[in-house]
Amino acid sequence: MLYREGPDGEKLSAIGFGCMRLPQKAGLIDEKEAIREIHHAIEKGINYFDTAVPYHLGASEPFLGRALAGGLREKVNIATKLPHWAVKSRDDMDAILERQLANLRTDRIDYYLLHSIAADSWAKLKNLGVKDFLKDAKRCGKIRHYGFSYHGDKRSFKEILDDFDWEFCQLQYNYIDADSQAGTEGIEYAGRKGIPVIVMEPLHGGILAKKLPKDVTDIFDSAPVKRTPAEWSFRWILNRPEIAVVLSGMNSIEQIDENTATASDALPNAMSEEELAVIEAVKQKYAEKIKISCTGCRYCMPCPFHVNIPECFAAYNNYHMFNRNFTNKLQYLGRMGGVLSDRSFAGMCRKCGKCKKACPQGIDIPKELAKVSSEMEGPTFKVQIFLMKLAMPLQAKLAMLGRKRK
Ligand code: SF4
Ligand code: SF4
């Protein structure tokens with residue numbers, strides 16, 4: 001295992017263990033198997049474990065606490081997150097952190113993140129005193145480093161990054177998402193500020209590792225070096241020097257072995273021109289499946305009715321690139337629906353036409369947004385948002401009660 005530098009030069013394993021897709025049995029975490037995998041990952045050198053209140057409906061944090069009992073906790077770093085949607089006061093922040101410490105059976109969280117913040121949730125948290133909360137928690141040793149995870153656009157990412165003395169940040173990044181969300185531009189911006197980046201969704205929800213279109217597997221099969229699609233993805237990300245850790249939601253011993261083997265020699269800037277060309281060819285193949293030729297330039301923004309036009313188009317294109325995958329729809333619901341990010345879905349378009357004149361690609365934006373709305377939202381979208389919003393604080397409350405699912 002290679003180790004990269006986190007905040008204060010701490011050595012973090014290049015691959016981190018994401019605890020949101022643990023093995024399951026009858027809808028619950030398969031505790032025996034999941035513990036076996038966590039222990040195996042530690043033996044293989046992984047020292048960064050990432051969890052959060054909503055993962056496994058509140059069961060992930062208490063599970064990780066149990067899995068690291070018996071002294072293992074001292075060998076690893078624990079990352080977890082403040083669920084901003086459950087926070088209405090400064091007292092809530094303190095109470096949630098106390099419960100998380102109890103859930104995780106520890107006296108400190110090594111890496112504490114504000115979970116999936118966006119411009120509006122960051123503004124809300126600031127008003128409630130989150131900066132003091134993070135500083136105070138660090139001062140008294142309850143957290144060691146603070147950061148945030150993020151799924152919004154590039155501009156808000158830079159604004160949030162510039163607005164506090166963050167020690168690290170966590171971004172979605174993979175070769176398909178290089179230009180969406182904060183993307184490569186955001187990663188380079190963080191790198192220039194000396195802020196280590198943790199990467200999430202390296203396989204775009206697993207889609208880049210399985211059920212690939214045949215024309216894509218053909219490219220990998222004809223590459224000069226033989227690698228699995230997952231290995232190609234991890235190596236491409238680890239090629240960037242700004243990246244400290246790539247999180248992987250591993251749920252088998254084989255995946256742990258494959259990923260840790262990759263991380264044992266994937267140095268920054270190690271990929272050859274020939275290897276990078278393979279990824280470019282795959283990207284190109286996916287790009288051919290794109291429905292709307294939006295480049296993400298943002299000349300059409302801001303929309304007076306708060307539609308995030310480029311992100312709506314990116315989500316729609318992703319949905320079609322990956323054979324109408326359900327995960328893409330769920331991500332759209334969470335992010336564009338305003339559950340995890342600012343509310344900015346295509347159906348909010350009032351057809352005022354302001355954006356249309358600004359688009360250098362000549363896209364009929366209101367017309368395309370209507371298609372996005374029809375396919376990604378449908379008539380029950382607002383009900384789905386309501387239900388998801390209802391579920392999120394419930395999960396937080398369950399975690400607050402320290403529910404054990406054993
Ligand atoms: S046409 Fe729709 S997306 Fe474009 S600016 Fe008006 S409301 Fe916003
Ligand atoms: S102006 Fe056109 S190409 Fe640029 S982000 Fe908007 S829709 Fe996309």
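When a ligand or atom number is given, it counts from 1 through the structure's own listing order. The basis for the numbers below is simple: all heavy atoms, side chains too, and nothing from hydrogens, waters or symmetry mates.
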message: Does only the side chain of Lys356 get under 4.0 Å from ligand 1, or the backbone, or both, or neither? Count heavy atoms.
response: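 Looking at Lys356 and ligand 1, no heavy atom falls under 4.0 Å.
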
Distance under 4.0 Å to a non-hydrogen atom of [X]: what atoms of ligand 1 satisfy this?
X: Pro304; answer: 5 (S)
X: Cys303; answer: 3 (S), 5 (S), 7 (S), 8 (Fe)
X: Pro366; answer: 1 (S)
X: Phe305; answer: 7 (S)

[X] and [Y] ion-paired at < 4.0 Å:
X: Asp132; Y: Lys135; answer: no
X: Asp50; Y: Lys81; answer: yes
X: Lys142; Y: Glu98; answer: yes
X: Lys371; Y: Asp364; answer: no
X: Lys226; Y: Asp221; answer: no
X: Arg99; Y: Asp94; answer: no
X: Lys25; Y: Glu31; answer: no

What's the shortest distance from [atom] to any protein heavy atom, and which residue and atom give it?
atom: atom 2 (Fe) of ligand 1; value: Cys349 SG, 2.4 Å
atom: atom 1 (S) of ligand 1; value: Gly353 N, 3.2 Å
atom: atom 6 (Fe) of ligand 1; value: Cys352 SG, 2.3 Å
atom: atom 7 (S) of ligand 1; value: Arg350 N, 3.3 Å
atom: atom 3 (S) of ligand 1; value: Leu369 CD1, 3.4 Å

- prompt: Taking both backbone and side chain into account, is any N, O or S atom of Cys355 nearer than 2.8 Å to atom 4 (Fe) of ligand 1?
  reply: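 Yes.
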
task: Could you tell me whether Lys158 sits above the aromatic face of Tyr189, with NZ or CZ closer than 6.0 angstrom to the six-membered ring centre and within 45 degrees of the axis?
output: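 Because its charged atom sits under 6.0 Å from the ring centre and within 45° of the axis, Lys158 does stack over Tyr189.
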
